[in-house]
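One structure is given here, and the rest of the page talks about it.
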Amino acid sequence: MLLELTNLCKKYSYGDKSFYAVRDVRLSLNSGDFAIIAGRSGSGKTTLLNLIGGLLSPSSGKVVFDGSDLMSLSDRDLSALRNEKIGFIPQGYSILSNLTVLDNVRLPYFLHRRRGDARDRALALLKEIGIEHLANAYPKSLSGGELRRVAIARAFINNPKLLLADEPTNDLDTESAGYVMKLFSRAAAEGVAVLLVTHDPDIIAYGYRIYQMREGRLY
């Protein structure tokens, strides 16, 4: 089992009020699984991805990834695990404005000591999603959809075991979304576990396993 969530909860409190953003979620993924979580805005999808990626700490429950209980890891070890084994595509734009597209894609490769520079792999990823001609451009000259594709290419640069994608086709036209979903499908076929959050009905059809999230619960 690559990923296992057990009774995962995230509770927030404001004064004398509290609510669960994620409540008693159980989920397991093996290598090569392609799972999609659909649900309305505010249903807890993004919070769940952030818990799985170790960006948030659960109020209770467990996230075990590749044999490691994420809550048992130090900040340094958790950071290293994310960098080496998890590709994360957030909803917002997380591209650095002072780096070219190529350097933004290569950036995670340099966050931990590795040989080489991953230039060829970065260029191949940019070509696969149709923006290789923008390799030397800076983010200020890119559209929202182009920025989204840069973030997607970056998530693949370190050959992750798990890919977490939060509304990855937002801002993309139909053709660009097709490039991206083919990339995800190929990754799953090659053994990457893909967990994708979306509200786009055209994207849901790509998943092998489909879940619905409502009020923090996964169905």
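Computed from a predicted model, the values in this text were never measured in an experiment. Position 1 is the first residue of the sequence, and the numbers go up from there.
- In Asp75, the CG atom is not crowded: 12 or fewer heavy atoms of neighbouring residues, nucleotides or ligands sit closer than 6.0 Å.
- Pro160 places none of its side-chain heavy atoms less than 4.5 Å from the side chain of Lys85.
- Side chain of Ser59 to backbone of Lys11: a donor-acceptor contact under 3.5 angstrom is found.
- Checking Thr47 against Asn50 by side-chain atom types alone, no donor-acceptor pair falls below 3.5 Å.
- A cation-pi arrangement is not found for Lys17 relative to Phe19, the charged atom failing to lie both closer than 6.0 Å to the ring centre and inside a 45° cone about the ring normal.
- Annotation: the span from Glu146 atom CD to Leu134 atom CG amounts to 5.0 Å, rounded to 0.5 Å.
- With a 4.5 Å cut-off on side-chain heavy atoms, Tyr12 and Ser18 do not count as touching.
- Side chains of Leu70 and Val64 form no contact here, defined as non-hydrogen atoms less than 4.5 Å apart.
- Minimum interatomic distance between Thr169 and Ala177 (heavy atoms only, all atoms of both residues): CG2-CB, 4.0 Å.
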Candidate pair Leu2 and Ser31, rule side chain to side chain contact (heavy atoms under 4.5 Å, CB included), full reasoning: CA-CA 6 Å; Leu2 182 66; Ser31 298; 4.2 Å; yes
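- Counting all heavy atoms, side chain and backbone alike, Leu163 lies closest to Ala155 at CD1-CB, 3.8 Å.
- Distance OH/Tyr138 to OG/Ser97: 10.0 Å, rounded to 0.5 Å.
- Arg121 contributes a side-chain N or O that, together with a main-chain N or O of Ile157, makes up a donor-acceptor pair within less than 3.5 Å.
- Rounded to the nearest 0.5 Å, atoms CD1 (Ile129) and OG (Ser176) are 9.0 Å apart.
- Here the closest non-hydrogen pair linking Leu78 and Gly54 is CD2-O, 3.5 Å.
- Among Lys182, Arg186, Arg149, the one residue that satisfies the side chain to side chain donor-acceptor pair (under 3.5 Å) test with Glu128 is Arg186.
- Residues Met213 and Ile203 do not share a hydrophobic cluster, clusters being chains of Ile/Leu/Val/Met/Phe/Trp/Tyr side chains in contact below 4.5 Å.
- Heavy atoms of other residues, nucleotides or ligands lying less than 6.0 angstrom from OH of Tyr211 number more than 12.
- Linking Ile, Leu, Val, Met, Phe, Trp and Tyr whenever their side-chain heavy atoms come within less than 4.5 Å leaves Leu162 and Tyr109 in two separate clusters.
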Asn30/Glu4 under side chain to side chain contact (heavy atoms under 4.5 Å, CB included): CA gap, chis, key distance, verdict: CA-CA 9 Å; Asn30 288 305; Glu4 187 164 13; over 6 Å; no
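- What you find for Tyr208 and Asp33 is that their closest heavy atoms are CD1-C, 4.4 Å.
- Atom CZ in Arg148 sits 8.5 Å away from atom CD in Glu167 (nearest 0.5 Å).
- The distance from the OG1 atom of Thr46 to the CG atom of Leu164 is 11.5 Å, given to the nearest 0.5 Å.
- Placement of Ile86 and Val105 in two distinct hydrophobic clusters is found when ILVMFWY residues are connected by side-chain heavy-atom separations under 4.5 Å, directly or transitively.
- Proximity of a side-chain donor or acceptor of Arg154 to a complementary backbone N or O of Val101 within less than 3.5 Å is not detected.
- Cluster annotation: Ile89 and Leu81 are assigned to distinct hydrophobic clusters (Ile/Leu/Val/Met/Phe/Trp/Tyr, side-chain heavy-atom contacts under 4.5 Å, transitive).
- Between Asn104 and Leu99, some side-chain heavy-atom pair lies under the 4.5 Å cut-off.
- One N or O on the side chain of Thr198 and one on the backbone of Asp200 form a donor-acceptor pair closer than 3.5 Å.
- Of the candidates Asp202, Leu196, Leu172, Met181 forms a side-chain contact (heavy atoms from CB on, under 4.5 Å) with just one, namely Leu196.
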Criterion side chain to side chain contact (heavy atoms under 4.5 Å, CB included) on Val197 and Ile36, from CA distance to verdict: CA-CA 6 Å; Val197 159; Ile36 290 182; over 6 Å; no
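- Ser43 and Arg40 get closest at one heavy-atom pair: OG-O, 2.8 Å.
- Under the 3.5 Å distance criterion, the side-chain polar atoms of Asn83 are matched with a main-chain donor or acceptor of Pro108.
- Heavy-atom minimum distance, Phe184 versus Ala165: CZ-CB, 4.2 Å.
- Residue Leu183 is not grouped with residue Phe88 when hydrophobic side chains (ILVMFWY) are merged at heavy-atom distances under 4.5 angstrom, including chains of intermediate members.
- If you check the side chains of His112 and Glu84, you find no donor sitting under 3.5 Å from an acceptor.
- Atom CG of residue Asp117 and atom CZ of residue Arg106 lie 5.0 Å apart, to the nearest 0.5 angstrom.
- Between Leu195 and Leu27 there is a side-chain heavy-atom pair separated by less than 4.5 Å.
- Side-chain contact between Ile37 and Leu218: present, with at least one pair of heavy atoms (C-beta onward) separated by less than 4.5 Å.
- At distances below 3.5 Å, not a single donor-acceptor pair connects side-chain atoms of Lys45 with backbone N or O atoms of Ala38.
- Arg23 pairs by the side chain to side chain donor-acceptor pair (under 3.5 Å) definition with nothing, not counting sequence neighbours.
- In this structure, the side chains of Val63 and Asp69 stay at 4.5 Å or more apart for every pair of heavy atoms.
- In this structure, Arg209 fails the cation-pi test against Phe34, since its NZ or CZ atom is not both closer than 6.0 Å to the six-membered ring centre and inside 45 degrees of the ring normal.
- Proximity of Val192 to Lys161: side-chain heavy atoms (C-beta onward) are nowhere separated by under 4.5 Å.
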Candidate pair Ser60 and Asn7, rule side chain to side chain contact (heavy atoms under 4.5 Å, CB included), full reasoning: CA-CA 7 Å; Ser60 60; Asn7 299 117; over 6 Å; no
